[in-house]
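Letters A, B, ... mirror the listed sequences (proteins, then strands); counts begin at 1.
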2 protein chains.
Amino acid sequence: MPRLVAERSDILPKLAETFRTRGYEGASLAHIGKATGLGKGSLYHFFPGGKAEMAEAVLAEMGAWFENSVFAPLRSIPAGDAAEARARISESCRAVERYFASGRRVCLFAVFALSETRSLFEKQVRDYFRNWVEALARALVVAGRGPAAARTEAFDAVATIQGAIVLARAASDERVFAGALARIEARLLG
Amino acid sequence: MPRLVAERSDILPKLAETFRTRGYEGASLAHIGKATGLGKGSLYHFFPGGKAEMAEAVLAEMGAWFENSVFAPLRSIPAGDAAEARARISESCRAVERYFASGRRVCLFAVFALSETRSLFEKQVRDYFRNWVEALARALVVAGRGPAAARTEAFDAVATIQGAIVLARAASDERVFAGALARIEARLLG
DNA sequence: ATTAGTCTGTACTATTCGGTATATACCCGA
DNA sequence: TCGGGTATATACCGAATAGTACAGACTAAT
């Protein structure tokens with residue numbers, strides 16, 4: 001039996017894809033096994049906690065990606081450097097567009113937030129959105145907004161992004177996501 | 001065996017509640033049976049097509065409610081009556097807030113849009129959001145906006161509402177939904 | 001009173017579920 | 001060459017799954 005996978009993290013992308021497309025309940029071990037090419041034995045070797053641990057690992061990886069690629073850059077802008085803040089906000093919009101594949105790819109945190117799975121991953125889901133809103137609000141403050149306005153604008157921007165994913169999928173038209181994101185960016189910078 | 005239910009529509013609310021809280025895959029016939037108080041016999045009597053037909057009926061009822069309570073009033077504003085348009089837009093925001101129970105209650109169309117269930121109910125999901133955006137855009141035109149601006153503003157408003165439900169649930173704080181909706185209304189009227 | 005049609009509960013099928021146990025194969029260090 | 005830890009496949013478990021079959025009980029019209 002040749003080894004196919006060296007590390008747990010090698011199969012996380014395919015795991016994430018399966019949870020995204022089928023949801024937590026809908027992703028059966030059979031689906032996961034087929035998607036990853038691994039049997040139950042290997043799956044339970046890597047994730048002794050079963051499906052719950054798989055989903056947790058996927059959320060952790062998604063969270064880490066956003067932390068590194070979106071939240072941290074927004075949070076760490078030097079105070080007073082409004083030009084840099086605007087540049088980082090623009091960059092974060094591009095990173096978001098890339099990650100969600102222009103609305104074709106779903107946000108797993110949103111899927112979990114809308115389902116009863118929420119209770120299983122409540123903390124991860126809450127922290128993800130809180131971190132996003134707070135990081136963006138911080139960047140807006142550096143860009144010159146008042147604290148209260150920055151907070152509500154950040155909230156609305158994140159909410160609109162999430163809703164745009166829903167509407168883009170509903171319409172099966174990814175252009176509407178790109179358009180919405182462009183308007184969000186303009187509003188954040190304007 | 002006493003009759004518990006006279007018509008199919010009597011159990012639709014409980015059916016909707018079950019699909020909302022557990023999703024399509026997560027709502028088993030056992031859950032549905034317990035929630036509605038009906039055995040499988042009755043369930044398959046009313047819905048010979050099983051779960052798929054139940055979900056379809058629920059979507060149809062939700063769609064009809066929105067059509068009557070939100071879309072039609074927005075669509076049927078007399079041309080030129082900007083004041084009436086503003087009043088109807090305000091009313092629709094209040095109807096939406098009531099329906100989604102300030103963000104506690106999930107939008108089933110959004111849940112389906114994000115899952116692979118989407119392929120089963122593609123048309124219903126697409127039509128729901130398209131009708132909403134178009135009705136709101138029409139109202140905005142009557143209120144004085146240009147057609148293009150009306151369309152993008154309507155899209156963004158619906159998207160933000162959907163995203164606000166996600167974020168409100170993630171934060172387990174319904175006040176943030178009410179706040180977001182108030183800002184959306186102000187933006188639509190301003 | 002009879003009957004036809006409308007519900008309702010229950011037992012049943014076959015399948016699939018998440019999870020466990022086990023046996024086998026591989027790689028690497030001694 | 002010989003273990004021992006790491007992967008992997010497979011058979012298996014009890015529970016739950018969607019759906020079917022059917023018999024009983026109620027209602028309403030005849």
Side-chain angles (χ1 to χ4, degrees), chain A residues 1-60 108 111-112 115-121, chain B residues 1-59 61 108 111-112 115-121:
Chain A
M1 296 169 188
R3 272 168 177 66
L4 301 174
V5 179
E7 293 186 48
R8 215 173 83 140
S9 59
D10 293 352
I11 60 168
L12 280 183
K14 297 194 171 187
L15 219 41
E17 187 63 20
T18 308
F19 280 121
R20 258 195 295 265
T21 57
R22 308 201 174 256
Y24 184 74
E25 313 265 5
S28 73
L29 286 187
H31 291 139
I32 294 172
K34 183 157 289 186
T36 58
L38 267 62
K40 287 193 186 185
S42 306
L43 253 16
Y44 271 88
H45 171 74
F46 287 117
F47 306 95
K51 258 174 75 170
E53 188 172 343
M54 298 180 206
E56 215 150 342
V58 167
L59 290 183
L108 198 52
V111 173
F112 283 4
S115 74
E116 263 322 275
T117 315
R118 178 179 64 138
S119 51
L120 261 172
F121 307 104
Chain B
M1 295 168 187
R3 272 172 176 64
L4 301 173
V5 178
E7 293 188 46
R8 215 174 84 140
S9 60
D10 292 351
I11 60 168
L12 281 182
K14 299 195 169 186
L15 218 42
E17 187 65 19
T18 308
F19 280 121
R20 258 195 295 264
T21 57
R22 320 197 84 109
Y24 184 73
E25 314 265 2
S28 74
L29 286 188
H31 291 139
I32 294 172
K34 183 157 289 185
T36 57
L38 265 62
K40 288 192 186 186
S42 307
L43 253 16
Y44 273 91
H45 170 73
F46 288 117
F47 307 95
K51 261 174 73 169
E53 189 172 344
M54 299 181 205
E56 216 149 343
V58 167
L59 289 183
E61 204 213 13
L108 198 53
V111 173
F112 284 3
S115 74
E116 261 324 276
T117 315
R118 178 178 62 138
S119 50
L120 261 172
F121 306 105

Query raised in the report: How would you list, by chain and number, every residue that makes a side chain to side chain donor-acceptor pair (under 3.5 Å) with A:Glu53, sequence neighbours excluded?
Result: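 Residues passing side chain to side chain donor-acceptor pair (under 3.5 Å) with A:Glu53: A:Arg8.
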Query raised in the report: Under the side chain to side chain donor-acceptor pair (under 3.5 Å) test, which residues partner A:Ser28, sequence neighbours left out?
Result: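 By the side chain to side chain donor-acceptor pair (under 3.5 Å) rule, A:Ser28 matches A:His31.
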Requested in this report: Please name all residues satisfying salt bridge (Lys or Arg N to Asp or Glu O under 4.0 Å) with B:Arg20, sequence neighbours left out, ordered by chain then number.
Outcome: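 With neighbours one apart ignored, the set is B:Glu17.
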Requested in this report: With sequence neighbours excluded, tell me which residues meet side chain to side chain contact (heavy atoms under 4.5 Å, CB included) with B:Ala35.
Outcome: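 Here the qualifying residues are B:Thr18.
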What integer distance in Å separates [X]:[atom1] from [N]:[atom2]?
X: B:Glu53; N: D:dA18; atom1: CD; atom2: C1'; result: 15 Å
X: A:Phe47; N: C:dT20; atom1: CZ; atom2: C1'; result: 18 Å
X: B:Leu43; N: C:dT6; atom1: CG; atom2: C1'; result: 16 Å
X: A:His45; N: C:dA23; atom1: NE2; atom2: P; result: 19 Å
X: B:Met54; N: D:dG19; atom1: CE; atom2: C1'; result: 10 Å
X: B:Ile32; N: C:dG9; atom1: CD1; atom2: P; result: 16 Å

Return the polar atom pairs (N/O with N/O) between nucleotides 15-17 of chain D and the protein under 3.5 Å, or none.
unit_1: D:dT17; atom_1: OP1; unit_2: B:Ser28; atom_2: OG; d: 3.0

Query raised in the report: Taking the side chain of B:Tyr44 as its heavy atoms from C-beta onward, which of D:dG19, D:dT8, C:dT8 lies nearest to it?
Result: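 Within the option list, the nearest is D:dG19.
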Query - Any residue meeting ring pair (Phe, Tyr, Trp, His ring centres under 6.0 Å) with B:Phe121, in chain and number order, not counting sequence neighbours - result: B:Tyr24, B:Phe112
Report task. Please work out if B:Gly41 contacts a base, only the sugar-phosphate, or nothing of the nucleic acid, heavy-atom cut-off 4.0 Å. Result -> base
Report task. Please examine the side chains of B:Leu15 and B:Lys51, heavy atoms only from C-beta on, and report whether any two atoms are closer than 4.5 Å. Result -> no
